[in-house]
Amino acid sequence: MNKFIVPFSDNLIFVNGGFISTVRSIPNYLRFLSTSSTATPNASTALLSEEEEAFDLTSHVIQEKDYLKKSPNGGLRVLDLIDQGVLEPDGKLYNQLLNKCTQLGKIKEGKLVHNHFLKSRFKHYMVIQNTALNMYAKCGCLDDARQVFDKMPVKDMVTWTAMITGYSQNEKPEEALVLFPEMLRAEMKPNHFTFSSLLKAAGARTDEREGGQIHGFCLKYGYDSNVYVGSALVELYCRYERMNEAHFVFDGLVDKNEVSWNSLIAAHARKSEGDKALRVFQRMQRHDFKPTHFTYSSIFSACASTGSLEQGKWIHAHMLKSGLKLIAFIGNTLLDMYAKSGSFDDAIRVFDRLVKSDVVSWNSMLTAYAQHGLGEKTLDHFEKMKKTGIEPNSVTFLCVLTACSHGGLLDKGQYYFELMKKSNIEPDVSHYVTMVDLLGRAGQLDRALNFIEELPIEPTSAIWGALLGACRMHKNMELGAYAAERVFELDPYDSGPHILLYNIYASAGKWNEASKVRKFMKEIGVKKEPACSWVDIENSVHMFVANDDNHPMQNEINKMWGKISEKIKEIGYVPDTSHVLLYVDEQEREVKLQYHSEKLALAFALLKTPPGSTIRIKKNIRVCGDCHSAFKYASLVVEREIILRDTNRFHHFYRGSCSCGDYW
DNA sequence: TGTGAAGGGT
């Protein structure tokens with residue numbers, strides 16, 4: 001493991017892993033700051049809404065000043081009372097008022113209080129100036145905060161830190177980092193507050209040297225063992241996706257708290273490392289730390305990404321026992337986990353039990369309906385949402401349009417696209433892609449092309465890709481080739497469009513053209529992602545790749561599929577060999593079909609799960625037409641519900657039919 | 001009387 005080297009001079013800056021660079025003076029440090037900037041969300045006011053409803057500046061002051069009880073008016077009555085000479089203000093009062101405005105995000109009132117303060121005899125009080133600066137920064141008014149900062153003739157360490165924090169928390173990491181050397185030049189000594197904000201800022205940028213340098217300063221000033229700074233360091237290395245370093249810093253922390261644990265769990269969740277996230281979660285409890293909203297939110301998100309339904313259910317039970325309320329903060333990820341793992345009914349139950357839902361909860365539910373092919377139900381849900389007064393946003397409309405596209409609801413899709421524009425929500429690329437998909441799937445290929453040509457933006461590869469997909473579906477070779485060319489001009493290295501074009505040619509028997517596509521792919525070095533399926537059995541994931549016969553139970557799997565195949569043929573299944581897009585004879589095509597990864601996964605699941613239980617399979621590409629047909633018959637023969645999640649949506653096979661109504 | 005770190009939907 002690498003050691004951290006402590007710099008003992010301002011002229012030397014070291015980072016994790018050893019010496020990176022020598023900086024002779026502080027201005028040189030600035031050269032390390034590149035210009036790109038990445039955003040970090042700030043959710044500090046997430047749980048304030050109930051208190052906000054009860055906003056009343058006066059009532060806040062009343063608690064401490066009895067004579068104000070006689071003044072029933074709220075809001076800025078306090079300022080009037082000062083003007084009328086009824087109330088003699090002191091510095092503490094201005095601070096209280098400014099802080100209350102900060103806490104409730106009441107910037108308009110805050111500005112009035114600030115202006116009043118500037119006319120008062122306390123206007124030179126640095127502490128109150130700091131409070132005002134902090135108020136502007138917390139409310140996202142960075143220009144106002146900066147104005148306060150620039151006008152302050154005397155600044156202390158809190159002034160500098162509040163400004164740095166303001167930038168850090170408002171997605172201006174570069175500005176935060178630039179201020180640090182200035183602060184040092186002004187001979188201010190940074191403290192643990194300064195470092196936690198600087199580390200957050202550094203974590204939002206791509207140049208890892210910056211974070212390393214700040215880490216060096218933390219060590220130099222002796223703040224690395226502070227619990228806030230330590231957690232920020234863990235988070236920094238998580239943001240850089242350097243998990244070994246993150247664990248190394250974490251293990252070295254004498255003082256850990258929930259935040260340090262949550263950072264690690266969230267980072268593994270972001271990287272879709274569900275098993276690692278779960279391991280940290282279990283360790284956290286062994287060390288007697290209580291999981292918080294953040295912990296559960298991350299854990300459910302990790303389970304959603306890996307489709308670990310059983311583990312997710314176990315943690316859900318754990319959460320219920322802990323007594324934490326099902327607020328949107330956790331509920332939305334829990335809902336998403338159930339939806340993504342195919343437990344649609346559980347997703348609805350979570351939604352219905354949410355203590356307070358927000359626009360994300362509604363959008364998540366809309367997504368769940370849309371992905372399960374329930375077009376009309378998605379639209380009902382959307383109408384219900386509007387009645388509750390929750391404002392739809394651009395994601396809401398994307399969910400609605402996706403539902404229309406997947407459900408074949410052409411007219412309704414067009415209606416909602418217009419409604420979106422009328423609601424002053426500007427469509428973005430994702431909406432345009434969905435509209436092309438909607439028109440294309442419905443077979444309106446010319447209209448889809450027309451739509452693209454009239455777009456107010458330059459069409460992207462995703463937009464042309466949607467048209468290409470539709471051409472594959474409707475076997476339109478000429479337009480497909482045209483769309484493919486546009487995609488290749490914009491993004492030649494994505495394998496998907498090449499495969500689509502190959503499939504268009506191959507399914508039409510145009511083997512010369514098809515082989516040209518293969519040749520072109522080889523020339524530019526694009527490789528086809530192998531098709532694979534997963535099935536989760538007894539807490540372990542089993543993966544199957546098409547035509548792969550390396551599984552230890554391969555013989556049993558083949559025998560099982562052989563049995564199923566015979567039975568489904570008896571009731572009408574006919575292998576559709578047009579889905580084997582290889583230049584091979586008919587008999588070999590049928591053999592190829594039976595080794596499709598989803599069929600192998602299904603046969604294995606039938607061997608390993610009790611009769612009657614639901615089978616859940618995941619696939620990395622769209623299900624093929626033959627497998628879709630075979631699964632419908634299989635669900636009848638084996639009397640099981642089979643849920644298949646592919647890249648686009650869910651298919652629920654039950655009693656011989658599929659929830660998608662064969663439209664996908 | 002003032003300053004800090006952790007989560008989510010297509």
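The analysis underlying the following values was restricted to heavy atoms, covering all of them including side chains, and did not include hydrogens, waters or symmetry mates. Every chain is numbered from 1, with letters handed out A, B, ... down the list of sequences.
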Spacing between A:Leu253 atom CG and B:dA6 atom C1', to the nearest angstrom: 14 Å
Nearest to side-chain heavy atoms of A:Val360, which nucleotide of B:dA6, B:dG4, B:dG8: B:dG8
Any A:Lys138 side-chain N or O less than 4.0 Å from OP1/OP2 of B:dG4: yes
Atom-pair distance (CE on A:Met319; P on B:dG8), nearest Å: 17 Å
Separation of atom CD1 in A:Ile265 from atom C1' in B:dA5, rounded to whole Å: 15 Å
Face-to-face stacking of A:Phe294 with B:dG7, centres under 5.5 angstrom, angle under 30°: no
Any donor-acceptor N/O pair under 3.5 Å between B:dG4 base and A:Asn191 side chain: no
Sugar-phosphate only, base, or nothing, as touched by A:Asp428 at under 4.0 Å among non-hydrogen atoms: nothing
A:Arg239 CZ - B:dA5 C1' separation (whole Å): 11 Å
Any A:Gln129 side-chain nitrogen or oxygen under 4.0 Å from OP1 or OP2 of B:dT1: no
B:dG4 base stacked by A:Phe195 (centroids within less than 5.5 Å, tilt under 30°): no
From B:dG4, B:dT3, B:dG7, nucleotide with atom closest to A:Tyr228 side chain: B:dG4
Side chain to side chain, A:Tyr416 and A:Leu379, heavy atoms closer than 4.5 Å: yes
Residue A:Thr333, side-chain heavy atoms: nucleotide from B:dG8, B:dG7, B:dT3 that is nearest: B:dG8
Phosphate OP1/OP2 of B:dA6 contacted by A:Lys200 side-chain N/O (<4.0 Å): yes
Integer-rounded Å distance: B:dT1 P and A:Met135 CE: 19 Å
Whole-Å distance separating the CD1 atom of A:Ile327 from the P atom of B:dG7: 15 Å
Under-3.5 Å donor-acceptor pair between A:Asn262 side chain and B:dA5 base: no
Sugar-phosphate only, base, or nothing, as touched by A:Asp156 at under 4.0 Å among non-hydrogen atoms: base
B:dG8 base / A:Asp358 side chain donor-acceptor hit below 3.5 Å: yes
Closest listed nucleotide, where the reference is the side chain of A:Thr292 and the choices are B:dG4, B:dA6, B:dG8: B:dA6
Aromatic ring proximity, centroids under 6.0 angstrom, A:Phe195 and A:His215: no
Residue A:Phe193, side-chain heavy atoms: nucleotide from B:dA5, B:dT3, B:dG8 that is nearest: B:dT3
Sugar-phosphate only, base, or nothing, as touched by A:Lys256 at under 4.0 Å among non-hydrogen atoms: nothing
Test of ring centre spacing under 6.0 Å for A:Phe397 and A:Phe417: no
Interatomic distance where CZ belongs to A:Arg270 and P belongs to B:dG7 [whole Å]: 5 Å
Sugar-phosphate only, base, or nothing, as touched by A:Asn332 at under 4.0 Å among non-hydrogen atoms: base
Any A:Leu199 side-chain heavy atom under 4.5 Å of A:Cys218 side chain: yes
side-chain contact (heavy atoms from CB on, under 4.5 Å) between A:Gln371 and A:Phe344, worked out: CA-CA 10 Å; A:Gln371 284 192 331; A:Phe344 187 64; over 6 Å; no
A:Met126 CE - B:dT3 P separation (whole Å): 14 Å
Step-by-step ring pair (Phe, Tyr, Trp, His ring centres under 6.0 Å) determination, A:Phe180 to A:Trp160: CA-CA 8 Å; A:Phe180 179 52; A:Trp160 285 89; 9.9 Å; no
B:dT1 phosphate, OP1 or OP2, under 4.0 Å from A:Gln96 side-chain N/O: no
